[in-house]
Protein chains: 2
Amino acid sequence: MIGRPTTEQTLALGDFVPFRLNRLAAGVSLHLAEVYQHRFGLDIPQWRVMATVGAEQACTAQFIAASTRMHKTRVSRAIAQLEARELIERAASAADRRQRQVRLSRSGRRMYSELVPLARAREATLLSCLTPEQRTGFLTGIEILERFLQLEN
Amino acid sequence: MIGRPTTEQTLALGDFVPFRLNRLAAGVSLHLAEVYQHRFGLDIPQWRVMATVGAEQACTAQFIAASTRMHKTRVSRAIAQLEARELIERAASAADRRQRQVRLSRSGRRMYSELVPLARAREATLLSCLTPEQRTGFLTGIEILERFLQLEN
DNA sequence: CACATTTAGTTGCGCTCGCAACCGTCCCCG
DNA sequence: CGGGGACGGTTGCGAGCGCAACTAAATGTG
(Lines give C-alpha, C1' and ligand atoms only; values in the text may rest on other atoms or scores of the structure.)
Protein backbone atom coordinates (compact mmCIF):
# COMPACT_ATOMS: atom_id res chain seq x y z
CA MET A 1 0.00 0.00 0.00
CA ILE A 2 2.39 2.60 1.18
CA GLY A 3 5.29 1.72 -0.99
CA ARG A 4 3.24 1.30 -4.10
CA PRO A 5 4.59 3.34 -7.01
CA THR A 6 2.83 6.64 -7.45
CA THR A 7 0.87 7.58 -10.52
CA GLU A 8 0.28 11.10 -11.78
CA GLN A 9 -2.77 11.66 -9.63
CA THR A 10 -1.54 10.07 -6.49
CA LEU A 11 1.36 10.59 -4.15
CA ALA A 12 2.53 7.87 -1.82
CA LEU A 13 4.54 9.37 1.00
CA GLY A 14 6.75 6.31 1.18
CA ASP A 15 7.87 7.19 -2.30
CA PHE A 16 8.26 10.93 -1.78
CA VAL A 17 11.80 12.10 -1.26
CA PRO A 18 11.14 14.96 1.18
CA PHE A 19 9.19 12.63 3.44
CA ARG A 20 11.73 9.86 3.19
CA LEU A 21 14.48 12.28 4.03
CA ASN A 22 12.63 13.44 7.12
CA ARG A 23 11.96 9.92 8.21
CA LEU A 24 15.56 8.90 7.62
CA ALA A 25 16.89 11.90 9.53
CA ALA A 26 14.56 11.09 12.42
CA GLY A 27 15.68 7.49 12.40
CA VAL A 28 19.33 8.44 12.38
CA SER A 29 18.75 10.93 15.19
CA LEU A 30 17.07 8.25 17.23
CA HIS A 31 19.99 5.96 16.57
CA LEU A 32 22.42 8.62 17.71
CA ALA A 33 20.33 9.67 20.69
CA GLU A 34 21.19 6.42 22.41
CA VAL A 35 24.66 7.75 23.01
CA TYR A 36 24.18 11.40 23.90
CA GLN A 37 20.86 10.99 25.65
CA HIS A 38 20.89 7.72 27.52
CA ARG A 39 24.58 7.75 28.33
CA PHE A 40 25.15 11.45 29.00
CA GLY A 41 21.72 12.91 29.67
CA LEU A 42 21.92 15.48 26.89
CA ASP A 43 19.08 16.46 24.60
CA ILE A 44 19.65 17.47 20.99
CA PRO A 45 20.24 21.19 21.51
CA GLN A 46 22.62 20.47 24.36
CA TRP A 47 24.49 17.87 22.34
CA ARG A 48 24.88 20.28 19.45
CA VAL A 49 26.16 23.01 21.70
CA MET A 50 28.63 20.63 23.31
CA ALA A 51 29.83 19.50 19.91
CA THR A 52 30.25 23.05 18.66
CA VAL A 53 31.93 24.45 21.74
CA GLY A 54 34.18 21.44 22.03
CA ALA A 55 35.50 21.95 18.54
CA GLU A 56 36.46 25.55 19.32
CA GLN A 57 38.44 26.84 22.23
CA ALA A 58 35.81 29.43 22.92
CA CYS A 59 32.90 30.85 20.99
CA THR A 60 29.80 32.97 21.31
CA ALA A 61 26.16 31.96 21.39
CA GLN A 62 25.56 33.50 18.03
CA PHE A 63 28.38 31.49 16.53
CA ILE A 64 26.79 28.35 17.89
CA ALA A 65 23.43 29.35 16.51
CA ALA A 66 24.91 29.96 13.07
CA SER A 67 26.87 26.70 13.11
CA THR A 68 24.04 24.50 14.28
CA ARG A 69 21.29 26.42 12.50
CA MET A 70 19.32 26.51 15.72
CA HIS A 71 17.23 29.47 16.80
CA LYS A 72 19.11 31.75 19.16
CA THR A 73 16.60 31.18 21.94
CA ARG A 74 17.09 27.47 21.69
CA VAL A 75 20.83 27.97 21.92
CA SER A 76 20.45 30.36 24.82
CA ARG A 77 18.44 27.86 26.82
CA ALA A 78 20.72 24.95 26.01
CA ILE A 79 23.71 26.97 27.15
CA ALA A 80 21.96 27.88 30.39
CA GLN A 81 21.21 24.23 31.08
CA LEU A 82 24.75 23.13 30.32
CA GLU A 83 26.09 25.86 32.55
CA ALA A 84 23.80 24.70 35.35
CA ARG A 85 25.33 21.24 34.98
CA GLU A 86 28.75 22.88 35.00
CA LEU A 87 29.70 21.39 31.67
CA ILE A 88 30.46 24.78 30.20
CA GLU A 89 31.57 28.14 31.51
CA ARG A 90 30.86 31.63 30.36
CA ALA A 91 33.17 34.59 30.63
CA ALA A 92 32.41 38.16 29.71
CA SER A 93 34.15 39.12 26.52
CA ALA A 94 36.62 41.95 26.89
CA ALA A 95 36.17 43.28 23.38
CA ASP A 96 32.36 43.33 23.34
CA ARG A 97 30.54 43.28 26.63
CA ARG A 98 27.30 42.17 25.02
CA GLN A 99 28.63 38.77 24.22
CA ARG A 100 29.99 36.08 26.47
CA GLN A 101 32.69 33.61 25.59
CA VAL A 102 31.51 30.04 26.03
CA ARG A 103 34.00 27.26 26.66
CA LEU A 104 33.97 23.74 28.06
CA SER A 105 34.69 23.26 31.73
CA ARG A 106 37.02 20.54 32.89
CA SER A 107 34.19 18.03 33.26
CA GLY A 108 32.72 19.26 29.99
CA ARG A 109 35.97 18.47 28.26
CA ARG A 110 35.99 15.06 29.83
CA MET A 111 32.48 14.36 28.63
CA TYR A 112 33.33 15.70 25.20
CA SER A 113 36.31 13.41 24.88
CA GLU A 114 34.13 10.43 25.68
CA LEU A 115 31.25 11.63 23.56
CA VAL A 116 33.06 12.26 20.31
CA PRO A 117 34.44 8.76 19.72
CA LEU A 118 31.06 7.24 20.53
CA ALA A 119 29.27 9.57 18.15
CA ARG A 120 31.83 8.84 15.49
CA ALA A 121 31.37 5.13 16.06
CA ARG A 122 27.63 5.49 15.60
CA GLU A 123 28.15 7.36 12.38
CA ALA A 124 30.55 4.67 11.21
CA THR A 125 28.11 1.91 12.11
CA LEU A 126 25.45 3.68 10.15
CA LEU A 127 27.56 4.12 7.06
CA SER A 128 28.96 0.61 7.30
CA CYS A 129 25.89 -0.71 5.52
CA LEU A 130 26.97 1.12 2.36
CA THR A 131 29.75 0.05 0.07
CA PRO A 132 32.48 2.68 -0.43
CA GLU A 133 31.01 3.62 -3.82
CA GLN A 134 27.50 3.84 -2.43
CA ARG A 135 28.78 5.94 0.41
CA THR A 136 30.49 8.46 -1.80
CA GLY A 137 27.47 8.56 -4.07
CA PHE A 138 25.20 9.20 -1.14
CA LEU A 139 27.46 11.86 0.36
CA THR A 140 27.86 13.56 -3.00
CA GLY A 141 24.10 13.82 -3.28
CA ILE A 142 23.85 15.34 0.17
CA GLU A 143 26.58 17.81 -0.64
CA ILE A 144 25.01 19.01 -3.86
CA LEU A 145 21.60 19.33 -2.27
CA GLU A 146 23.11 21.29 0.59
CA ARG A 147 24.62 23.70 -1.86
CA PHE A 148 21.39 23.90 -3.81
CA LEU A 149 19.47 24.81 -0.67
CA GLN A 150 22.32 26.99 0.59
CA LEU A 151 22.86 25.07 3.78
CA GLU A 152 26.61 24.77 3.33
CA ASN A 153 27.78 26.41 6.62
CA MET B 1 35.75 26.85 10.96
CA ILE B 2 32.68 24.74 10.79
CA GLY B 3 33.56 22.80 7.72
CA ARG B 4 37.09 22.11 8.79
CA PRO B 5 37.97 18.43 8.57
CA THR B 6 37.69 16.68 11.88
CA THR B 7 40.57 15.01 13.66
CA GLU B 8 40.26 12.08 16.03
CA GLN B 9 39.62 14.24 19.05
CA THR B 10 37.29 16.70 17.49
CA LEU B 11 33.94 16.55 15.77
CA ALA B 12 32.75 19.31 13.49
CA LEU B 13 28.99 19.13 13.12
CA GLY B 14 29.19 20.40 9.56
CA ASP B 15 31.08 17.25 8.77
CA PHE B 16 28.93 14.84 10.75
CA VAL B 17 26.45 12.85 8.69
CA PRO B 18 23.59 12.66 11.21
CA PHE B 19 23.65 16.41 11.64
CA ARG B 20 23.90 17.07 7.94
CA LEU B 21 20.99 14.75 7.32
CA ASN B 22 18.86 16.59 9.83
CA ARG B 23 19.79 19.93 8.39
CA LEU B 24 19.11 18.75 4.87
CA ALA B 25 15.74 17.30 5.83
CA ALA B 26 14.80 20.55 7.54
CA GLY B 27 15.85 22.54 4.50
CA VAL B 28 13.86 20.33 2.17
CA SER B 29 10.84 20.55 4.46
CA LEU B 30 11.08 24.31 4.43
CA HIS B 31 11.29 24.25 0.68
CA LEU B 32 8.21 22.08 0.49
CA ALA B 33 6.29 24.01 3.12
CA GLU B 34 5.92 26.88 0.70
CA VAL B 35 3.36 24.86 -1.19
CA TYR B 36 1.34 23.11 1.48
CA GLN B 37 1.56 25.85 4.07
CA HIS B 38 1.44 29.17 2.30
CA ARG B 39 -0.82 28.04 -0.51
CA PHE B 40 -3.17 25.70 1.32
CA GLY B 41 -2.83 26.57 5.00
CA LEU B 42 -1.80 23.08 6.05
CA ASP B 43 0.86 22.26 8.59
CA ILE B 44 3.06 19.18 8.35
CA PRO B 45 0.81 16.70 10.15
CA GLN B 46 -2.20 17.88 8.16
CA TRP B 47 -0.30 17.65 4.91
CA ARG B 48 0.80 14.11 5.70
CA VAL B 49 -2.70 13.04 6.60
CA MET B 50 -4.05 14.56 3.39
CA ALA B 51 -1.39 12.80 1.37
CA THR B 52 -2.07 9.46 3.01
CA VAL B 53 -5.84 9.61 2.88
CA GLY B 54 -5.78 10.88 -0.67
CA ALA B 55 -3.79 7.87 -1.80
CA GLU B 56 -6.35 5.47 -0.31
CA GLN B 57 -10.07 5.45 -0.76
CA ALA B 58 -10.57 5.23 2.95
CA CYS B 59 -8.38 4.38 5.89
CA THR B 60 -8.15 4.47 9.65
CA ALA B 61 -6.21 6.78 11.92
CA GLN B 62 -3.93 3.97 12.92
CA PHE B 63 -3.12 3.23 9.31
CA ILE B 64 -2.19 6.89 8.85
CA ALA B 65 -0.04 6.81 11.96
CA ALA B 66 1.79 3.73 10.75
CA SER B 67 2.29 5.12 7.24
CA THR B 68 3.50 8.54 8.31
CA ARG B 69 5.33 7.35 11.43
CA MET B 70 3.57 10.06 13.40
CA HIS B 71 2.37 9.58 16.97
CA LYS B 72 -1.28 8.61 17.11
CA THR B 73 -2.19 11.74 19.07
CA ARG B 74 -0.61 13.91 16.42
CA VAL B 75 -2.65 12.08 13.80
CA SER B 76 -5.80 12.34 15.87
CA ARG B 77 -5.48 16.10 16.19
CA ALA B 78 -4.58 16.61 12.55
CA ILE B 79 -7.65 14.63 11.53
CA ALA B 80 -9.84 16.69 13.85
CA GLN B 81 -8.53 19.91 12.32
CA LEU B 82 -9.00 18.69 8.77
CA GLU B 83 -12.50 17.57 9.61
CA ALA B 84 -13.25 20.99 11.06
CA ARG B 85 -12.16 22.49 7.74
CA GLU B 86 -14.35 19.92 6.02
CA LEU B 87 -11.50 18.53 3.98
CA ILE B 88 -12.08 15.02 5.25
CA GLU B 89 -15.05 13.03 6.53
CA ARG B 90 -15.27 10.26 9.06
CA ALA B 91 -17.72 7.40 9.06
CA ALA B 92 -18.13 4.75 11.70
CA SER B 93 -16.75 1.44 10.52
CA ALA B 94 -19.31 -1.36 10.37
CA ALA B 95 -16.86 -4.14 11.09
CA ASP B 96 -15.18 -2.55 14.08
CA ARG B 97 -17.03 0.19 15.86
CA ARG B 98 -13.92 1.45 17.60
CA GLN B 99 -12.41 2.73 14.41
CA ARG B 100 -13.66 5.31 11.98
CA GLN B 101 -13.10 5.31 8.25
CA VAL B 102 -11.42 8.51 7.09
CA ARG B 103 -11.84 9.71 3.51
CA LEU B 104 -11.45 12.95 1.59
CA SER B 105 -14.49 15.15 1.15
CA ARG B 106 -15.27 16.70 -2.19
CA SER B 107 -13.29 19.84 -1.40
CA GLY B 108 -10.57 17.69 0.11
CA ARG B 109 -10.26 15.80 -3.14
CA ARG B 110 -10.09 19.06 -5.02
CA MET B 111 -7.31 20.32 -2.79
CA TYR B 112 -5.52 17.02 -3.06
CA SER B 113 -5.59 17.12 -6.84
CA GLU B 114 -4.02 20.57 -6.78
CA LEU B 115 -1.59 19.72 -4.05
CA VAL B 116 -0.06 16.59 -5.48
CA PRO B 117 1.29 18.04 -8.73
CA LEU B 118 2.76 20.99 -6.87
CA ALA B 119 4.44 18.75 -4.33
CA ARG B 120 5.76 16.58 -7.13
CA ALA B 121 7.06 19.65 -8.90
CA ARG B 122 8.91 20.72 -5.77
CA GLU B 123 10.46 17.32 -5.45
CA ALA B 124 11.47 17.42 -9.10
CA THR B 125 12.98 20.89 -8.71
CA LEU B 126 14.97 19.65 -5.79
CA LEU B 127 16.30 16.60 -7.57
CA SER B 128 16.99 18.55 -10.74
CA CYS B 129 20.30 19.69 -9.31
CA LEU B 130 21.55 16.11 -9.45
CA THR B 131 22.61 14.29 -12.58
CA PRO B 132 20.71 11.05 -13.22
CA GLU B 133 23.64 9.00 -11.92
CA GLN B 134 23.98 11.17 -8.83
CA ARG B 135 20.28 10.90 -8.26
CA THR B 136 20.21 7.13 -8.36
CA GLY B 137 23.31 7.00 -6.17
CA PHE B 138 21.69 9.26 -3.64
CA LEU B 139 18.40 7.38 -3.66
CA THR B 140 20.17 4.06 -3.37
CA GLY B 141 21.93 5.32 -0.27
CA ILE B 142 18.65 6.43 1.25
CA GLU B 143 17.06 3.10 0.48
CA ILE B 144 19.79 1.03 2.04
CA LEU B 145 19.90 3.19 5.13
CA GLU B 146 16.13 2.94 5.45
CA ARG B 147 16.39 -0.82 5.41
CA PHE B 148 19.27 -0.74 7.84
CA LEU B 149 17.24 1.32 10.28
CA GLN B 150 14.06 -0.65 9.47
CA LEU B 151 12.11 2.37 8.29
CA GLU B 152 10.96 0.71 5.11
CA ASN B 153 7.15 0.99 5.56
C1' DC C 1 -20.44 -16.91 29.46
C1' DA C 2 -17.70 -13.89 32.43
C1' DC C 3 -13.60 -11.61 33.03
C1' DA C 4 -9.00 -10.06 31.69
C1' DT C 5 -6.29 -8.24 28.02
C1' DT C 6 -5.66 -5.77 23.86
C1' DT C 7 -6.72 -2.22 20.54
C1' DA C 8 -8.71 2.38 18.27
C1' DG C 9 -8.94 6.76 19.28
C1' DT C 10 -9.28 11.04 22.38
C1' DT C 11 -7.79 14.16 25.95
C1' DG C 12 -5.29 16.41 30.13
C1' DC C 13 -0.87 17.82 31.21
C1' DG C 14 3.81 19.25 31.19
C1' DC C 15 7.55 20.36 28.22
C1' DT C 16 9.94 22.51 24.37
C1' DC C 17 10.02 25.58 20.77
C1' DG C 18 9.85 29.95 18.01
C1' DC C 19 8.13 34.60 17.87
C1' DA C 20 8.16 38.96 19.56
C1' DA C 21 9.47 42.09 22.85
C1' DC C 22 12.94 43.50 25.65
C1' DC C 23 17.64 45.03 27.94
C1' DG C 24 22.16 46.36 27.56
C1' DT C 25 25.95 47.44 24.54
C1' DC C 26 28.18 48.81 20.34
C1' DC C 27 28.82 51.60 16.33
C1' DC C 28 27.91 54.73 12.68
C1' DC C 29 26.85 59.28 11.17
C1' DG C 30 25.57 64.02 11.60
C1' DC D 1 30.20 63.70 20.91
C1' DG D 2 25.45 62.62 21.10
C1' DG D 3 21.58 60.06 19.38
C1' DG D 4 19.49 56.32 16.50
C1' DG D 5 19.80 52.06 14.72
C1' DA D 6 21.91 47.49 14.80
C1' DC D 7 23.33 43.63 17.43
C1' DG D 8 24.11 39.82 21.34
C1' DG D 9 21.51 37.56 24.38
C1' DT D 10 17.38 36.62 27.54
C1' DT D 11 12.53 36.01 28.64
C1' DG D 12 7.15 35.94 28.48
C1' DC D 13 3.88 33.73 25.95
C1' DG D 14 1.16 30.89 22.96
C1' DA D 15 1.22 26.80 20.02
C1' DG D 16 2.32 22.04 19.16
C1' DC D 17 4.00 17.77 20.77
C1' DG D 18 4.44 13.17 23.27
C1' DC D 19 3.31 10.66 27.39
C1' DA D 20 0.15 8.65 30.15
C1' DA D 21 -4.39 7.95 31.37
C1' DC D 22 -8.83 7.22 29.80
C1' DT D 23 -13.28 5.44 27.19
C1' DA D 24 -15.28 2.21 24.43
C1' DA D 25 -15.17 -1.78 21.77
C1' DA D 26 -13.13 -6.15 20.37
C1' DT D 27 -10.79 -10.46 21.42
C1' DG D 28 -8.91 -14.11 24.02
C1' DT D 29 -9.15 -17.50 27.99
C1' DG D 30 -10.75 -20.45 31.52
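First the proteins, then the strands, lettered A, B, ... as listed; each starts at 1.
The stretch residues 38-53 of chain B participates, sequence neighbours left out, in these side chain to side chain donor-acceptor pair (under 3.5 Å) pairs: B:Gln46-B:Gln81. Pairs engaging residues 71-80 of chain A under the side chain to side chain donor-acceptor pair (under 3.5 Å) rule: A:His71-A:Thr73 [sequence neighbours left out].
Across the protein-nucleic acid pair, A:Gln81 atom CD and D:dT11 atom C1' stand 14 Å apart, rounded to whole Å. Atoms CD (B:Gln46) and C1' (D:dG16) sit 11 Å apart, rounded to a whole Å. Distance, A:Leu82 CG to D:dT10 P: 12 Å, rounded to whole Å. Note: CD1 (A:Ile44) to P (C:dC15) measures 17 Å, nearest angstrom. When rounded to the nearest whole Å, the span between CZ of A:Arg90 and P of D:dG8 equals 16 Å. Regarding B:Ile79, its CD1 atom lies at a distance of 14 Å from the P atom of D:dC17, rounded to whole Å. The CD1-P distance, from A:Ile64 to D:dT10, rounds to 10 Å in whole Å. For the pair B:Arg74 CZ and C:dT10 P, the computed distance is 16 Å after rounding to whole Å.
The phosphate of D:dC7 has neither OP1 nor OP2 within less than 4.0 Å of any side-chain N or O from A:Gln62.
Salt bridge annotation for A:Glu34-A:Arg122: present, with a cationic side-chain nitrogen under 4.0 angstrom from a carboxylate oxygen.
Counting non-hydrogen atoms under 4.0 angstrom, A:Arg77 reaches a base of the nucleic acid.
For B:Asp96, the side-chain hydrogen bond (donor to acceptor under 3.5 Å, both in side chains) partners at least two apart in sequence or on another chain are B:Arg98. With sequence neighbours left out, B:Glu152 forms a salt bridge (charged side-chain N to carboxylate O under 4.0 Å, His left out) with no residue at all. Every residue meeting the side-chain hydrogen bond (donor to acceptor under 3.5 Å, both in side chains) condition with A:Arg20, not counting sequence neighbours, appears here in chain and number order: B:Glu146.
Closest to the A:Gln99 side chain, of the nucleotides D:dG9, D:dC17, C:dG9, is D:dG9.
Between B:Glu83 and B:Val102, every side-chain heavy-atom pair lies at or beyond the 4.5 Å cut-off.
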Show each protein N/O and nucleotides 20-26 of chain D N/O combination with a separation under 3.5 Å, one pair to a line.
unit_1	atom_1	unit_2	atom_2	d
D:dA26	OP1	B:Arg97	N	2.9

